[in-house]
There are 2 protein chains.
Amino acid sequence: MRIALDAMGGDFAPEAIVKGALLATEQLDSNFEILLIGKEDVIKSLLLEYGYTGSGIKVINATQVIEMGEHPTKALTQKPDSSIAVGYGMLKAQKADAFCSAGNTGAMLVGAMFSVKAIEGIMRPSIAGLVPKLKGGFGLILDVGANADCKPDVLEQFGEIGYVYAKHVLEIDNPKVGLMNLGEEEGKGTVNTQAAYQRLKANQKINFIGNIEGRDLFNDKADVIVCDGYTGNIILKMAESIYDILNEKSMHDPFFDRFNYEAEGGSPILGINGNAIIGHGVSSPVAICNMVLQAQKMVASDFPEHLKNHFAEE
Amino acid sequence: MRIALDAMGGDFAPEAIVKGALLATEQLDSNFEILLIGKEDVIKSLLLEYGYTGSGIKVINATQVIEMGEHPTKALTQKPDSSIAVGYGMLKAQKADAFCSAGNTGAMLVGAMFSVKAIEGIMRPSIAGLVPKLKGGFGLILDVGANADCKPDVLEQFGEIGYVYAKHVLEIDNPKVGLMNLGEEEGKGTVNTQAAYQRLKANQKINFIGNIEGRDLFNDKADVIVCDGYTGNIILKMAESIYDILNEKSMHDPFFDRFNYEAEGGSPILGINGNAIIGHGVSSPVAICNMVLQAQKMVASDFPEHLKNHFAEE
């Protein structure tokens, strides 16, 4: 298994990324390779500096870097030798089984659409967030920012995408799919969520349990939470801020500690022909390491293949 | 000052409401009267049972009760002698300066529109939530559930309504108005929030500071947070659940303790010709007491008059 990792993406790149790759090699067996993509001389000198002598890390040269503030589409067109463009090129050519980056989110999303592309039948790939559950484990919320506005049919597909992910990657048996709403009753919500409710209810391929509310994020009601990217993004960032405040107040607890973005290391892009994960801009070495481990799980589960089969059956 | 209180509304009515009224009388001076509305014999026997002998509480008979699950418009039409209908009747007739209820939220909202009505120029009255701030005090988020879908012009008005409330009731000097969004940059968001941004930016009567994100709810960036009722409802319930989880884990802290709905006791309806507050269905005596104290502050600030003046100037 080969996991490509953008060495140049993130506020603390390349140092934090290279350190994270080193942490990951300690937990991966000898069948794994981490492909560190970026400026070869810089990466190699860091590996030397950190005393790396193993064989699990390969360096792939990419001479350009897409900065955090750049316009995704323009940047990808103008920088064909950027670490993100090269990473997706390898994913598309099946020279890598997954691609992870803590760099420009928009470029990661656009790069996926340009290279491996959306799975046939999927209207809008989505970025999913992992939500810690009180009973242990994680649930999934999607979308968390790729699609601000979502029509009812897109929300319905998020339910299906999340169901397949929860089943095969999170290994939850017949995962419960809930629609984030302002009340539990069927008629509640916006025009869009009301229509999405009816579509999800009629969908025989998933286990739709109805509306859930803001208070149900962490409980056992739903394993997969469906919402538009505007709502999911606000929820995710609010949860992050709660963690930060608790941390500042030195209030520690095993449940709330899992709010830390470092715990899972990144948000997967779901609905594309490949495995890609977007890390937080501020990613630390621990976060990078956990993003690589998350990618390993996605690859091992053969998630995109399951998703293709799901949508091919329609 | 006369504050009308629905004795029959809420999961623990009438006992919790009567007890809450008693708590409030201990904190109000002799110029205040609490008008307890509901089944006279029931309320009077409770007052007797609790040993009340003062003169600050008056009982107003209302023979009917609107239950939590009833359809608001139907219930108000079919139950003209319900505590909610009678309460709004008194507010309209200026026999009460404020009306508070922990009963049927929809009936409280529809009752306001039927009786005292929206202030001229205001398209959609809103329910506002009070958000504890890390630096102390509270900010305001609106809407939190009255209007699931909101057009850009409605969101703009929420900014104005919140600005006037924060200035006159929360007594914040030139309050900062922020638009809840998925990124800080001007072009971010849904079609609706993008359009609302431009309207808020062009509005000279408020202090618009731009987009804020889910992580900014509790910090100092904005005193007034504008969003549609779908989003605000999810945010508010998520905050409530965080409080509940911390509480269950016995993790106490002065900041997080203010997440407790009891701290302010209710959410005001803003944009109507009068002062009305909706309490939580599970309201305890402490919550009821604090709702009455919140109503006192609203009345003292002459909030609806300020709002009328604000919109009359247009």
Looking at A/Cys227, A/Ala239, A/Gly214, which makes the most heavy-atom pairs under 4.5 Å with chain B?
A/Gly214
Count the heavy-atom pairs under 4.5 Å between each of A/Val144, A/Leu134, A/Asp228 and chain B, then report the option with the highest count.
A/Leu134
Ionic contact status for A/Glu213 with A/Lys188, cut-off 4.0 Å:
no
Apply the test ring pair (Phe, Tyr, Trp, His ring centres under 6.0 Å) to residues A/Phe208 and A/Tyr163: give CA-CA distance (whole Å), side-chain angles for both, the deciding distance (0.1 Å), then the verdict.
CA-CA 9 Å; A/Phe208 180 58; A/Tyr163 179 85; over 10 Å; no
Heavy-atom distance under 4.5 Å to chain A: side chain of B/Leu217, backbone, both or neither?
side chain
Of the backbone (N, CA, C, O) and the side chain (C-beta and beyond), which part of B/Asn219 lies under 4.5 Å from a heavy atom of chain A, both, or neither?
neither
Contact origin within [X] toward chain B - heavy atom pairs under 4.5 Å:
| X | result |
| --- | --- |
| A/Phe259 | side chain |
| A/Leu236 | neither |
| A/Asn147 | neither |

Parallel, tilted or perpendicular: ring planes of B/Tyr261 versus B/His280, cut at 30 and 60 degrees:
tilted
Do B/Asn247 and B/Phe256 touch side chain to side chain, with heavy atoms closer than 4.5 Å?
no
For residues B/Gly229 and A/Leu182, report the shortest heavy-atom separation together with the two atoms involved.
O-CD2, 3.9 Å
Can you tell which of A/Ile161, A/Leu140, A/Val177 makes a side chain to side chain contact (heavy atoms under 4.5 Å, CB included) with A/Val226?
A/Val177
